[in-house]
Amino acid sequence: MSLMIVDFVPDLILAFLVICMAWGAMHARSRHDAMAMFVAFGLVVALIWARLGAPDLALAEAAIGAGLTGVLLLQAARQIPAEPRTMKKTTVQFILPLVFIVLAIALFASQLFSDDALNISEQARIRPDVGLSAPSMSDRVHLAMPDSGVGHPVTAVLLNFRAWDTLLELLVLLLALSGLRQLYPSSQSAQKKSDGPLVRGPEPWPLLLAWSRFLAPLLIVMGGYLLWRGADAPGGAFQAGALLAAAAVVLRLAGLLPALRWSSLTVRLAINVGALLFMTVAALTLYFGAGWLHYPAAQAGILILGIEVFATLSIAITLTLLVIGEYEDLHT
Amino acid sequence: MSLLLDSLAWLLMIFGLLFFITGALGLIRFPDIYSRLHAVTKTDTLGLGLLAAGLAIKSESVSTALLLLFIWLLVLASGAVSCQLLARYSLESDPAATGISEHIPGESDDR
Amino acid sequence: MSSLQMYMLLGALIFLLGLHGLLVLTDPIRRLIAVNLMGAGTFMIMVTLARRTDPADPVLHALVVTGLVVAISATAFALRLITANLITETPNLAENNAAQSDTTLSQQGSPPT
Amino acid sequence: MSWLASAILFTALAGLWRITHADTTADRLLGLQLLGTTGIAFLLVMAQWLEQPVWREVALVLALLAAVITVALVQLLRGKSL
Amino acid sequence: MTYALISLSIPLFCALLLLLAGTYVSERALAITTITASLLSLIIAWLALQEVATANQSLLLNLGGWESGLAIRLRLSPLSGLLLLFTAFMHLLIGLYAGLSRQGAVRDFWPLSSFLHGSLAALWLSADLFNLYITLELLGLTAVAMVALAGKKAFRPAANYLILSLAASLFYLLGVVLLYGRYNSLDILILAGETQNDVITRLALLMMTAGLMLKAALWPLHLWLPSAHTNAPTAVSALLSGLVVKGPLFILWLLWSEVAPLALARQIGPVFGVAGMIALVAGGISAMRSPYIKTLVAYSTVAQLGYALMALGLLLTWQLPQMHIALWLFVIAHGLAKASLFLAAGEMQTTLGTKRVSGLRGATQTVPVAMFAFAVAGGSLIGLPPSGGFLAKWVLLEPLLSQPQNWPWAFGVLLGTLVSAAYIFRVVALSFDRARINPPDTRPDRLGHWMALLPALMVWGMALTGDWLIRLLAGGGV
């Protein structure tokens, strides 16, 4: 029994940390404090995913939540003016919603514990034998795994069982980038120097250059490893894409990578190729095969790998541009 | 695993933990950024090294030990570089700080 | 209380904290962070639910991966939009960007003259 | 093993304290750095504790990204505060 | 089903290819490609509609060939076929306007409008709650990106819109997750057979409803809409008001008419009905008081969505199939009429060089075609026979008037009609004031004005196909 309690302590500390950081990320004195808190929040959330046994998510969160979001916030922090004296909400306006939160949590907790509609009272039950009752979605996934063409269930869900979601999600990335392009209207190209603050600051120090040269290949190797391994173990296109994007960001910041100009066909191709290939596969399966996104069983593995490789490329370039893209990248 | 190795591993890990605690204390208690840099980048890196060494012994596998070593080296290098970069950054953004010791940042804290 | 129940509550709490922030804050950047916290709370509930069975539910994990990517793209776009708006709305910022906006950053020493 | 993990996480509270009591950007980054290192240590201990090697890789990714943040911070914010 | 998939993939391919083509092709080529894609998609959507109408039942497709319960399912019902057709048609009309009018579109309008087309098509076809979440996000991001097309002045409303839209999506997502936690399924058709009236289900539905109402700008969560829709470029405003807010409304309808347990749906119905009635009046009054033309039109969207919400509420309360027909007739009639109103408003603004309603003095003389479009489309909003708006209102009123205990609802509808008549006639009356004419700033863009009239004529033409529409919507049910 005492052992149980000891096992529970890390969870409690993580919960405490995460609550403090959530609060600080919104209500810290200065914007910069809030942003730093938010990056710390992402880091601790990655640890929580680890505690909850979700390696794919821990990898994604470590790369995206703690890494790229951090760069993104820093990028914003250098551009925005100091926070004006905001109208402080009165205490009542501040406290009333808080009271509401406490009540809502209490209600939710009482429901959670009384009739346990969500079945979470015992930890990690071994799933019941399939076939006794109607199989749940995760049972179906495990049963269908042999036909999926990959060995890792999460990858199978992402790129086979629910491939349509993933395809649409690649479009979400593209759209965010298209939206970003609107922020530097081309009609104002004359004022671009003063309008679009540049990413690159002063000449980087030699130490930073050397360190970037060392770091970027490591990131790329790790990204490639996660991609290659994603078929059979935690990892996959998104984690790999995020790591590659981090590599590109580092190189770009150090001035070692030229601008990813929108006018270059290669860049646009790299951005589009993931979604385009995915759509093409879908259309081909519709025309020649058994139906929309119905991979032939024999080629499923190869198709998924191909889609993953190109999706990784697209994700990497798109994320890079989303994080540090600027006038020079997006409109020249 | 022999008892000797196991206790050695635990000893290393406990030492590592002690270094972590020291680093945390230093981060809180030290008066200015330059001394805090020591606390975090040196002490914690050492703590992580000891911990990783202990874990490597416990894992009883060469590949795991190598991976742990690699992670530690990475953190070591990253710590050293970021210490340098941050110190320079602080110096550059703080033209008044020609000498380090007289500087008391706590005074400008009340905003 | 099992640790799953705790994480479930934690997820709900973070979601509601984010909602509270969204309602009471005025600064767009903090509001954006608040929305992201709501997302993190939702994802936490999802991952906790995934943990109910012993091989954790891969469907929920995949959904969270999708959700994370959606969240980062939307956040990046929103942050840039807010930044662009703040720059536009602050006159003369572009010219003396450095001098004006860093008062909170470099309070370390005496201000540069 | 869990007490070791708890103790390591406990030191992360110092990072939290430092970020809330930061005077400068460098201080905030220092707090983050400490959180990163403790996170890595926690993941390594967890990998051993639960015998799941995947957490070591997560630790590796975390280490890499912590380094990225430093580079980004220094390059992005340098020159600005002058 | 194949036709529906082709109709869905044409705009998506088109958008991707346009992005890829980038600066290599001229703006004219972009426009022509997009309009051709809309036309093709329209034709194929027509074939899909024929297919589902002859099959006389909803067609289902398990994506990837996986079993139900694992796969994402797509569903082509008569309604989704009709909406597919409607979306393509609206894109064609507005694409033609943007391509032909002088104040047309910037380059990036074209791929974004194709994306919008594709994401709406994906939304109409999806029968999976999480898939619907992604289409919602797609829709939201496209809408915000399109608002930002207007340049700097639109950044603030766009940012506000984006943040609220993200928060709303998360509310929806949390509801989806709770349903999944409770019933272990994301498929609407499977959930429909399993949901029970318990606390978790109610909580989940409540959260999803809040999120969707915010996204669809249904009263009382409509406050973001006027500034976002007003600041967007003209063609974009038309798309946003005519199509984008209908997406979340569709999901809301799916949720309550299929997923929710019947008893709960009956309980919530009157709430929606009352909210719709308040929206009608409150939105109408705000429109009446608005000093700006585009704001007036935007508030009228809030008011008109009240009809749809009311029809939804009454549908849930009484489970009458007629209400289902009324709801979707409203959506289509409003989409066409609102497109015309926004286009006309935008054209008049540019020609007269003023954003104020008071600047429309004598508009019948200075900008006769655009003013005519405004009046004709407004007539449909009011519900003058034989417009599409009249058709919808007639279907809605018939069961209300037949039973005396339903007269309060009928009174609400009539009140709404009165208010809409007030704000439309306010503009029209001003435009006949030929004594103090506000002279035009620029020469009117004839083609643009005529293109603005096109959707208005369509909505009056809708009455001709009324019989067919009603039979179609009544036929397949869901």
Side-chain angles (χ1 to χ4, degrees), chain A residues 8 11 15 22 25-26 30-32 34 38 45 49 52-54 56-57 60 64 72 76 79-83 86-87 89 93-94 97-98 101 104-105 108-109 112 119-121 123-127 137-138 141 153-154 157-158 162 165 169 172-173 176 179-180 183 194-195 197 238 322-323, chain C residues 2-10 12-14 16-17 20-21 23-27 29-30 33-34 37 40 44 47-54 56-59 61-62 64-66 68-70 72-74 76-77 79-81 83-84 86-87 90 93-95 97 100-101 103-105:
Chain A
F8 199 45
D11 298 313
M26 293 183 297
S30 73
R31 259 184 197 153
H32 295 101
F38 185 59
V45 167
W49 295 161
L52 285 169
D56 295 270
L57 299 177
I64 290 178
L72 194 63
Q79 294 178 7
I80 51 176
E83 196 170 7
T86 47
M87 299 172 296
K89 296 260 181 174
Q93 274 171 320
F94 197 78
L98 267 188
I101 286 181
I105 280 283
F108 189 63
L112 211 57
N119 283 319
I120 56 162
S121 55
Q123 184 155 9
R125 289 173 309 134
I126 308 297
R127 68 202 153 88
M137 209 157 165
S138 69
V141 169
V154 177
V157 173
L158 276 173
R162 299 186 68 87
D165 276 352
E169 182 201 338
V172 168
L173 270 167
L180 185 59
L183 303 184
S194 58
D195 258 6
F238 298 114
L322 276 175
V323 171
Chain C
S2 73
S3 72
L4 280 194
Q5 282 168 328
M6 188 205 73
Y7 278 120
M8 196 82 187
L9 281 183
L10 187 63
L13 181 67
I14 290 175
L16 287 171
L17 277 180
H20 172 253
L23 293 176
V24 303
L25 293 172
T26 48
D27 177 27
I29 291 200
R30 289 169 194 250
I33 291 179
L37 292 181
M44 205 173 284
V47 181
T48 314
L49 285 175
R51 192 68 182 152
R52 288 178 302 177
T53 50
D54 189 20
D57 183 351
V59 178
H61 283 184
V64 177
V65 170
T66 311
L68 274 177
V69 178
V70 170
I72 177 82
S73 359
F77 178 34
L79 199 57
R80 292 302 204 79
L81 195 56
T83 314
L86 285 175
I87 293 172
T90 314
L93 179 70
E95 285 81 48
N97 196 344
Q100 197 180 18
S101 65
T103 43
T104 49
L105 277 177

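So you know, we letter chains A, B, ... as the sequences are listed, proteins then strands, and number each from 1.
Across every non-hydrogen atom of C:P58 and A:V141, the tightest pair is CG-CG1, 3.7 Å. Between C:S73 and A:L173, the shortest heavy-atom distance links the atoms OG-CD2, 3.7 Å. When all heavy atoms of A:A54 and C:V47 are compared, the closest pair comes out as CB-CG1, 4.0 Å. The nearest pair of heavy atoms linking A:L52 to C:T48 is CD1-OG1, 4.0 Å. Across C:V65 and A:E169, no two heavy atoms sit closer than the pair O-OE2, 4.3 Å. The two residues C:I33 and A:A34 make their nearest non-hydrogen contact at CD1-O, 4.2 Å.
Note: C:A62 leads C:A62, C:A56, C:A84, C:A12 in heavy-atom pairs under 4.5 Å with chain A. Between chain A and the options C:V69, C:L13, C:V70, the largest number of non-hydrogen pairs under 4.5 Å is found for C:V69.
Of the atoms belonging to C:L17, heavy atoms from both backbone and side chain fall under 4.5 Å from chain A. Contact of C:L79 with chain A is made through the side chain alone, with heavy-atom distances under 4.5 Å. Only the backbone of A:V323 comes within less than 4.5 Å of a heavy atom of chain C; no side-chain atom from C-beta onward does.
With sequence neighbours excluded, the residues forming a side chain to side chain contact (heavy atoms under 4.5 Å, CB included) with C:A40 are A:F41, listed by chain and number. Remark: C:A50 engages C:D57, C:L60, C:H61 in a side chain to side chain contact (heavy atoms under 4.5 Å, CB included) (not counting sequence neighbours).
Rounded to the nearest 0.5 Å, atoms CD1 (C:I72) and CG (A:L72) are 5.5 Å apart. Note that the CE atom of C:M6 and the CZ atom of A:F8 stand 5.0 Å from one another [nearest 0.5 Å].
Looking at heavy atoms from C-beta onward, C:L37 lies in side-chain contact with A:F38 at the 4.5 angstrom threshold.
Only one option out of A:V154, A:L57, A:D56 pairs with C:V64 in a side-chain contact (heavy atoms from CB on, under 4.5 Å); it is A:L57.
Using modelled atom types, one side-chain atom of C:R30 and one backbone atom of A:M26 make a donor-acceptor pair closer than 3.5 Å.
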Go through it in stages, so that I can follow the logic: the residues are C:L68 and A:F238, the test is side chain to side chain contact (heavy atoms under 4.5 Å, CB included), and I'd like the CA-CA distance, side-chain angles, deciding distance and then a yes or no. CA-CA 9 Å; C:L68 274 177; A:F238 298 114; over 6 Å; no

